[in-house]
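This structure is in structure tokens; I'll ask about it shortly.
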Number of protein chains: 2
Amino acid sequence: MKKERYLRSIRLLAECFHAFQHISDTHVRTLGLTSPQFDILATLGNTEGMSFKELGQKTLITKGTLTGIVDRLEEKGLVIRTCCLEDRRSMIVRLTEQGQAEFERLFGPHIQFCKQAFLGYSDEDFAALDRELAKLKSHLDATMPKPG
Amino acid sequence: MKKERYLRSIRLLAECFHAFQHISDTHVRTLGLTSPQFDILATLGNTEGMSFKELGQKTLITKGTLTGIVDRLEEKGLVIRTCCLEDRRSMIVRLTEQGQAEFERLFGPHIQFCKQAFLGYSDEDFAALDRELAKLKSHLDATMPKPG
DNA sequence: TATTGTTATACTCTATAACTATA
DNA sequence: TATAGTTATAGAGTATAACAATA
């Protein structure tokens, strides 16, 4: 069985992502949210809200699942559904005042917490990393079918 | 709120990983396995088997969860638990003959399928990507607490 | 007809913690 | 006392497909 060249890269990519995700998720959990819930909160933060469709596209969560996650966030009083006047099939999800307050209370500290993972990373390190990841991303976007 | 430098890198990392994971998971599903199940199968492939502890460390799955996933793979007849003679607290998980056959039947095609994501990526592209990811990984390993 | 979001179902994964049997 | 794995519980995410309302 021939060893494909990309496997090494994907393994590295997965290891990096998992390592970071582990510390991030563990911290999010201590804040009382699940990872997808925090993802939604972070996506809605500093916006006027957006439709389920747009929210699903940004977070890669399918519509059926998204309904449940938004339900739980609505039960916590963090988001609210409003009708979209232009297209009455569509629902707009946005942060409530409490949700906005939670976003501000949690997001900054979370960013600070996760920052420790990159302690000592130089501007040049970041620039080189971003260059390769951006190259990969545009390649993947061009090569792979879009979800949704 | 100051914009932390690492956020852009992490966003790129997550986007790349999610994009790849989406195509990989979707394909794995069509093979009749969940993503964690395939992960276990791939980890056990071409080994003599390993303990729950080692399997958990390699896949980042905690012991309670691992018991359930291995249960389901055992029900499918793909893996088997055997006792460890040296330490009788420990259980060794290894592929059954059928599991080995499934591994060989699924793994190669899956690797080929996912390869399409990197179609046209050059040796230089891979080398540059690997260099930055390996740098990041060793940095994360040094900076972040290990799970387990 | 196609699209947006909901509902229903059934399953898988997950965190957590108490438990057992060994060491 | 500590470790390896299991069990129990409850909740959360997921895929899938059928559905209602609207476009």
Side-chain angles (χ1 to χ4, degrees), chain A residues 18 21-41 43 49-76 78-94 146-148, chain B residues 18 21-41 49-76 78-94 147-148:
Chain A
H18 281 148
Q21 193 183 39
H22 182 263
I23 196 173
S24 175
D25 283 4
T26 303
H27 185 245
V28 161
R29 277 254 154 211
T30 69
L31 304 177
L33 293 172
T34 66
S35 187
Q37 286 168 11
F38 186 82
D39 202 12
I40 300 292
L41 217 62
T43 304
M50 61 191 75
S51 69
F52 272 78
K53 180 178 180 177
E54 189 177 353
L55 195 51
Q57 285 169 338
K58 295 208 182 201
T59 57
L60 294 178
I61 298 171
T62 51
K63 56 187 183 178
T65 304
L66 198 53
T67 295
I69 300 173
V70 169
D71 283 349
R72 272 159 236 129
L73 286 172
E74 201 164 18
E75 280 163 22
K76 288 176 198 267
L78 301 180
V79 305
I80 190 170
R81 287 168 162 93
T82 54
C83 293
C84 176
L85 300 179
E86 289 125 36
D87 183 341
R88 277 155 53 197
R89 292 171 305 183
S90 190
M91 298 292 286
I92 304 297
V93 191
R94 62 175 180 75
K146 278 283 171 47
Chain B
H18 281 148
Q21 194 183 40
H22 182 263
I23 196 173
S24 175
D25 284 3
T26 303
H27 185 245
V28 162
R29 278 254 152 210
T30 70
L31 304 176
L33 293 172
T34 66
S35 187
Q37 287 169 10
F38 185 82
D39 202 13
I40 300 292
L41 217 62
M50 62 191 75
S51 68
F52 272 78
K53 181 178 179 176
E54 189 178 353
L55 196 50
Q57 285 170 339
K58 295 207 182 205
T59 56
L60 296 178
I61 297 172
T62 53
K63 56 186 183 177
T65 304
L66 198 54
T67 296
I69 299 173
V70 170
D71 283 349
R72 271 159 238 130
L73 286 172
E74 202 164 19
E75 281 163 22
K76 290 175 198 267
L78 301 180
V79 305
I80 190 170
R81 286 169 163 90
T82 54
C83 294
C84 176
L85 300 177
E86 290 124 36
D87 184 340
R88 276 155 53 197
R89 293 171 303 182
S90 190
M91 298 291 287
I92 305 296
V93 192
R94 62 174 178 75

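A, B, ... follow the sequence lines: proteins, then strands. Residue 1 opens every chain.
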- Between I40(A) and T59(A), is any pair of side-chain heavy atoms under 4.5 Å apart? yes
- Applying salt bridge (charged side-chain N to carboxylate O under 4.0 Å, His left out) to K76(A) and not counting sequence neighbours gives none
- Between P of dG5(C) and CE of M50(A), the distance in whole Å: 12 Å
- Task: List for me each residue that meets side-chain contact (heavy atoms from CB on, under 4.5 Å) alongside R81(A), sequence neighbours excluded, and say none if there are none.
- Result: F52(A), T67(A), V70(A), D71(A), E74(A), M91(A)
- Euclidean distance, atom CZ of residue F38(A) to atom P of dG13(D) [Å, nearest integer]: 14 Å
- Mind calculating the distance between CE (M91(B)) and P (dT3(D)) to the nearest angstrom? 20 Å
- Task: Starting at atom CZ of F52(B), determine the distance to atom P of dT7(D), rounded to an integer number of angstrom.
- Result: 10 Å
- Task: Enter the distance from T43(A):OG1 to F38(A):CZ here, rounded to the nearest 0.5 Å.
- Result: 9.5 Å
Identify each atom pair where a protein N or O and an N or O of nucleotides 9-16 of chain C are less than 3.5 Å apart, giving names and distance.
unit_1, atom_1, unit_2, atom_2, d
dC13(C), OP1, T34(B), OG1, 2.4
dC13(C), OP2, R72(B), NH1, 2.1
dA15(C), OP2, T62(B), OG1, 3.3

- In whole angstroms, how far is the C1' atom of dT3(C) from the NZ atom of K53(A)? 7 Å
- Note on the structure: When rounded to the nearest 0.5 Å, the distance separating CD1 of I23(A) from NE2 of H18(A) is 15.0 Å
- When rounded to the nearest 0.5 angstrom, what distance separates CG in D39(A) from CG in L41(A)? 10.0 Å
Residues 27-36 of chain B, side-chain donor-acceptor partners within the protein, below 3.5 Å, at least two apart:
unit_1, atom_1, unit_2, atom_2, d
H27(B), ND1, H110(B), ND1, 2.8
T30(B), OG1, H27(B), O, 2.5
T34(B), OG1, Q37(B), N, 3.2
S35(B), OG, D25(B), OD1, 3.1

- Item | Contacts of T26(B) that satisfy side-chain contact (heavy atoms from CB on, under 4.5 Å) - sequence neighbours left out | H22(B)
- Note on the structure: note: L55(A), atom CG; dG13(D), atom P; distance rounded to Å ~ 13 Å
- Query: Are any of S90(A)'s side-chain N or O atoms less than 4.0 Å away from OP1 or OP2 of dT4(C)?
  - Reply: no
- Message: At 10 degrees resolution, what angle do the end axes of the helix from dT1(C)-dA23(D) to dA23(C)-dT1(D) form when each is taken over five base pairs?
- Response: 0°
- Gap between atoms CG and P, on L31(B) and dA15(D) respectively (whole Å): 15 Å
At a cut-off of 3.5 Å, list every protein nitrogen or oxygen paired with a nitrogen or oxygen from nucleotides 18-23 of chain D, distance to 0.1 Å.
unit_1, atom_1, unit_2, atom_2, d
dA23(D), OP1, R88(A), N, 3.1

- Item | Closest heavy-atom pair and its distance - L66(A), G56(A) | CD2-N, 3.6 Å
- Message: In whole Å, I'd like the distance from the CG atom of L73(A) to the P atom of dG13(D).
- Response: 8 Å
- Can you run down the salt bridge (Lys or Arg N to Asp or Glu O under 4.0 Å) pairs that involve residues 55-68 of chain A, sequence neighbours left out, and say none if there aren't any? E54(A)-K58(A)
- Kindly give the heavy-atom pair with the smallest separation between I92(A) and C84(A), and that separation in Å. CG1-CB, 4.0 Å
- Message: For a quick test of reading the model: is some side-chain N or O of R81(B) closer than 4.0 Å to OP1 or OP2 of dG5(D)?
- Response: no
